[in-house]
A.B. asks: 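Quick one: this structure, given as structure tokens, is what I'll be asking you about.
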Amino acid sequence: MSKISRRTFFEGTGAGIVAGAVPLRGQQAPAPAPRNTIQITVNGVAHKLEVEDRWTLVEVLRDHLGLTGSKIGCDRGECGACTVLLDGKSVYSCSQLAVWMNGRSIETVEGLSANGRLDPLQEAFIQHDGPQCGFCTSGQLMSAKALLHRNSHPTAEEVRAGMTGNICRCSNYNRYVESVLAAAGTLSADAGGRKA
Amino acid sequence: MKSFANVNARDVKDAVNKLREPNAVVVGGGSDLLGMVKDHLVQPDVLVNLKTIRGLDQIAAKGPEIHIGGQITLDTLSHNSMIRGDYTVLAEAAESVATPQIRNAGTLAGNVCQRPWCWYYRNNFPCFKNGGSKCFSITGENQFHAIFGGGPSFIVHPSDTAPALVALDAKFRVAGPSGERTLAAADFFALPKVNAARENVLGKDEILVSVSLPKTAKGTRSTYHKVLDREAWTHAVVSAAMVLEMDQQVCKRARIVLGGVAPIPWRLQKVEAILAGQQITPELAAKAGEAAVEGANPLAKNRYKVPLTRNLVRRTLLEMVA
Ligand SMILES: Cc1cc2nc3c(=O)[nH]c(=O)nc-3n(C[C@H](O)[C@H](O)[C@H](O)COP(=O)(O)OP(=O)(O)OC[C@H]3O[C@@H](n4cnc5c(N)ncnc54)[C@H](O)[C@@H]3O)c2cc1C
Ligand code: FES
Ligand code: FES
């Protein structure tokens, strides 16, 4: 492919600068960061990648696989914007090293829709106005997905507990809970249904 | 993040060997450690990954004891039916930690060995925990700090599972270069007056391998109650781990350990003695609550923890016999 994105352009110039840099006298070039090769499956597709040991999973997803649906909010396991499923369970991808993922299967928000059709959770998020600014939404979706894997008919209380790991700065929590209940078919007027 | 090499441990011996490399630190789920590396609180050259040790994430009955591998995730631990049934306090404590994402990644050993969450330490103040010789909380913002056992550092032990393990009289298996040793959970944790820089007796090149729980006596019931400053997601302001051995209405034996109030899980032996052999009435529970806060030494902004602790002990006892 010859398409040049802003990212590949910057990566290209970056490499040129590094290659052309000459260490100052008396200074040693820093030792190269340790790397390892991993095999991972992301949304059903197998990848073989060489990663620096210090790279987090979300960095690899976003910067190396182009899957920018997972967001980096806090980068400290505090906000949930980076939530993905690791072998079916929700984790913060900012708090996992990519090297630990060897042989594992990861599902990101990009994997939710299939054959051009949105996941019922995504449909419900739209129907019930879940996203406001939308920054937290992909993480909310993945937490909801993990919750419904374990408990396909949750109560409103269980949805709130299952989604405590995702902060929404627009504070649209009630709509998110409502959306998940709707997707699970457990939304009723008295269980968190919206009153106009 | 600073660059480092991740090395996968094959077994416990291999982990201990790898930990002898210069500037190596051990990592379980990484839910705490990676944040500390990003914040420059820990600057490792080598990360020794324990998650690759086969079998260390299992629960197994061995004779009368239950062995729990240190690499079990908090989520798996809290959903295990044997733990839920016989060691409820541990299941509830594990379930009360943080968020589903952290419980899916965080390990039991990592939970017990996590560093303090004092905001001075976490914001790189040169305190005891950061190699300095001062505790900034004494004259500073100390609303979440210790009311028992403080000095010279006033951190509170942050682990939710630690009070539960002490209340259950668990044993900890520790491995180091000279082999393995087993010690009572209560002897694993160390007050700041013993070592202000650390929270336990682990040597730099030692790891916590597994914990074992004794068989519970007939009539045992247990619970973990955690008070938070919001509804979810955070460490305990005060918590109580209680194990009661009941014979009908009479409490034969009690073990009560508090979290969030001291630099180690804080055992209330005096309260345990008050309860032993007695029926737990509202009057006795109130007396237990009073005894629980005897000797409390609050700082300027954490006095509220005294009535909170008193009432938590009283209320939890009454709920357990209701
Ligand atoms: C937002 C947030 C909220 C949190 N809330 C809570 C809470 O409510 N309650 C609570 O208890 N904790 C809480 N934590 C702390 C902690 O991340 C988790 O409790 C988790 O269990 C730590 O386990 P881990 O396996 O991820 O540890 P790691 O991050 O792998 O390790 C933690 C520390 O222990 C050391 N360590 C790890 N394993 C061993 C071992 N086997 N032997 C010796 N040392 C070891 C590491 O070197 C490191 O210093 C929270 C963390 C975050 C980020
Ligand atoms: S970016 Fe991972 S939890 Fe905030
Ligand atoms: S929709 Fe804006 S942060 Fe949640």
Side-chain angles (χ1 to χ4, degrees), chain A residues 30-36 38 51-59 72 74-104 139 142-144 146-147 149-151 157-167 173, chain B residues 1-9 21 24 27-52 57 71 73-76 78-79 95-107 110 114 117 122-123 228 230-235:
Chain A
R35 287 174 166 257
N36 271 291
I38 56 166
V51 298
E52 287 189 13
D53 288 13
R54 63 174 156 175
W55 287 350
T56 59
L57 173 58
V58 73
E59 287 167 350
I72 301 178
C74 65
D75 204 22
R76 295 290 184 287
E78 292 175 357
C79 76
C82 66
T83 303
V84 299
L85 304 192
L86 175 57
D87 294 327
K89 289 193 163 189
S90 60
V91 295
Y92 295 135
S93 59
C94 71
S95 302
Q96 295 286 335
L97 292 183
V99 278
W100 296 342
M101 298 297 113
N102 193 27
R104 318 267 320 246
M142 299 318 283
S143 273
L147 170 71
H149 268 321
R150 180 171 257 171
N151 177 359
E157 196 55 36
E158 288 166 340
V159 173
R160 279 187 209 108
M163 304 205 18
T164 47
N166 293 75
I167 288 176
Y173 297 104
Chain B
M1 242 186 303
K2 171 193 184 303
S3 107
F4 51 73
N6 172 77
V7 294
N8 294 330
E21 289 187 31
V27 65
S31 65
D32 180 16
L33 185 75
L34 291 187
M36 291 198 294
V37 177
K38 291 172 186 174
D39 287 335
H40 312 282
L41 285 163
V42 187
Q43 294 283 276
D45 291 320
V46 177
L47 241 56
V48 181
N49 177 18
L50 301 182
K51 289 185 295 291
T52 45
D57 59 353
Q71 294 309 296
T73 66
L74 297 172
D75 180 72
T76 305
S78 70
H79 282 92
E95 194 174 24
S96 80
V97 172
T99 64
Q101 291 94 322
I102 286 179
R103 295 194 294 275
N104 285 335
T107 63
Q114 65 180 291
W117 287 75
R122 294 279 167 164
N123 284 293
L228 306 174
R230 52 181 166 242
E231 273 202 30
W233 188 89
T234 188
H235 289 91

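Remember, it's a predicted structure, so these values are computed and weren't measured experimentally. By convention in this document, chain letters (A, B, ...) are assigned in the order of the sequence lines, proteins followed by strands, and residues within each chain are numbered from 1.
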A.B. asks: Keeping the roles fixed (side chain from R54(A), backbone from M1(B)), state whether a donor-acceptor pair exists under 3.5 Å.
C.D. replies: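 A pair under 3.5 Å: yes.
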A.B. asks: Report yes or no: does N104(B) contribute a side-chain atom to a donor-acceptor pair with the main-chain N or O of V91(A) at less than 3.5 Å?
C.D. replies: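 Not at all, since once roles are kept as given, no pair shorter than 3.5 Å links the two residues.
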A.B. asks: Please list all pairs passing the salt bridge (charged side-chain N to carboxylate O under 4.0 Å, His left out) test where one or both residues lie in residues 77-86 of chain A, with sequence neighbours left out.
C.D. replies: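 Matches after skipping sequence neighbours: none remain.
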A.B. asks: Look at R150(A), E52(A), E59(A) and state which one has the largest set of heavy-atom pairs under 4.5 Å with chain B.
C.D. replies: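 Among the listed options, the one with the most contacts to chain B is R150(A).
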A.B. asks: Hey, is the main chain of R76(A) close enough, under 3.5 Å, to the side chain of K38(B) for a donor-acceptor pair?
C.D. replies: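 Side chain of K38(B) to backbone of R76(A), a donor-acceptor pair under 3.5 Å: no, none is there.
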A.B. asks: Which answer fits V27(B), side chain, backbone, both or neither, if we ask what part of it has an atom under 4.5 Å from a heavy atom of chain A?
C.D. replies: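 It is the side chain, since no backbone atom gets that close.
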A.B. asks: Which heavy atom of G29(B) sits nearest to which heavy atom of Q96(A), and what is that distance?
C.D. replies: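 For G29(B) and Q96(A), the tightest heavy-atom pair comes out as O-NE2, 4.4 Å.
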A.B. asks: Could you tell me which of S90(A), G77(A), P34(A), A161(A) has the largest number of non-hydrogen atom pairs under 4.5 Å with chain B?
C.D. replies: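 Heavy-atom pairs under 4.5 Å are most numerous for S90(A).
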A.B. asks: How long is the straight-line distance from CG of N102(A) back to CG of N8(B), given to the nearest 0.5 Å?
C.D. replies: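 Reported to 0.5 Å precision, the distance equals 8.5 Å.
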A.B. asks: Do you know the tightest heavy-atom contact between P100(B) and G165(A)?
C.D. replies: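 Minimum heavy-atom contact is CD-N, 4.1 Å.
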A.B. asks: Which atoms of L33(B) are under 4.5 Å from chain A, going by heavy atoms: the side chain, the backbone, both sets, or neither?
C.D. replies: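 For L33(B), no heavy atom lies under 4.5 Å from chain A.
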A.B. asks: With a 4.5 Å heavy-atom cut-off, do N49(B) and L97(A) have their side chains touching?
C.D. replies: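 No - every pair of side-chain heavy atoms lies 4.5 Å or more apart.
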A.B. asks: Quick check for you: to the nearest 0.5 Å, what is the distance between L34(B) atom CG and C94(A) atom SG?
C.D. replies: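 So the gap between those two atoms works out to 8.5 Å.
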A.B. asks: Got a sec, which pairs hit salt bridge (charged side-chain N to carboxylate O under 4.0 Å, His left out) with one end in residues 83-97 of chain A, sequence neighbours left out?
C.D. replies: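 Non-adjacent pairs meeting salt bridge (charged side-chain N to carboxylate O under 4.0 Å, His left out): D87(A)-R104(A), K89(A)-D75(B).
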A.B. asks: Can Q101(B) and T83(A) be counted as having a side-chain donor-acceptor contact under 3.5 angstrom?
C.D. replies: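 Side-chain D/A pair, Q101(B) to T83(A): present.
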A.B. asks: Considering residues, nucleotides and ligands other than E157(A), do more than 12 of their heavy atoms fall under 6.0 Å from its CD?
C.D. replies: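 12 or below, so no.
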A.B. asks: T52(B) and W100(A): side-chain contact (heavy atoms from CB on, under 4.5 Å), yes or no, with the steps?
C.D. replies: CA-CA 9 Å; T52(B) 45; W100(A) 296 342; over 6 Å; no
A.B. asks: Got a second to check how far R35(A)'s CZ is from S3(B)'s OG, nearest 0.5 Å?
C.D. replies: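 Between R35(A) CZ and S3(B) OG, I get 11.0 Å after rounding to 0.5 Å.
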A.B. asks: Check whether N6(B) gets within reach of chain A through its side chain, its backbone, both or neither, counting any heavy atom under 4.5 Å.
C.D. replies: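 N6(B) touches chain A through backbone and side-chain heavy atoms alike.
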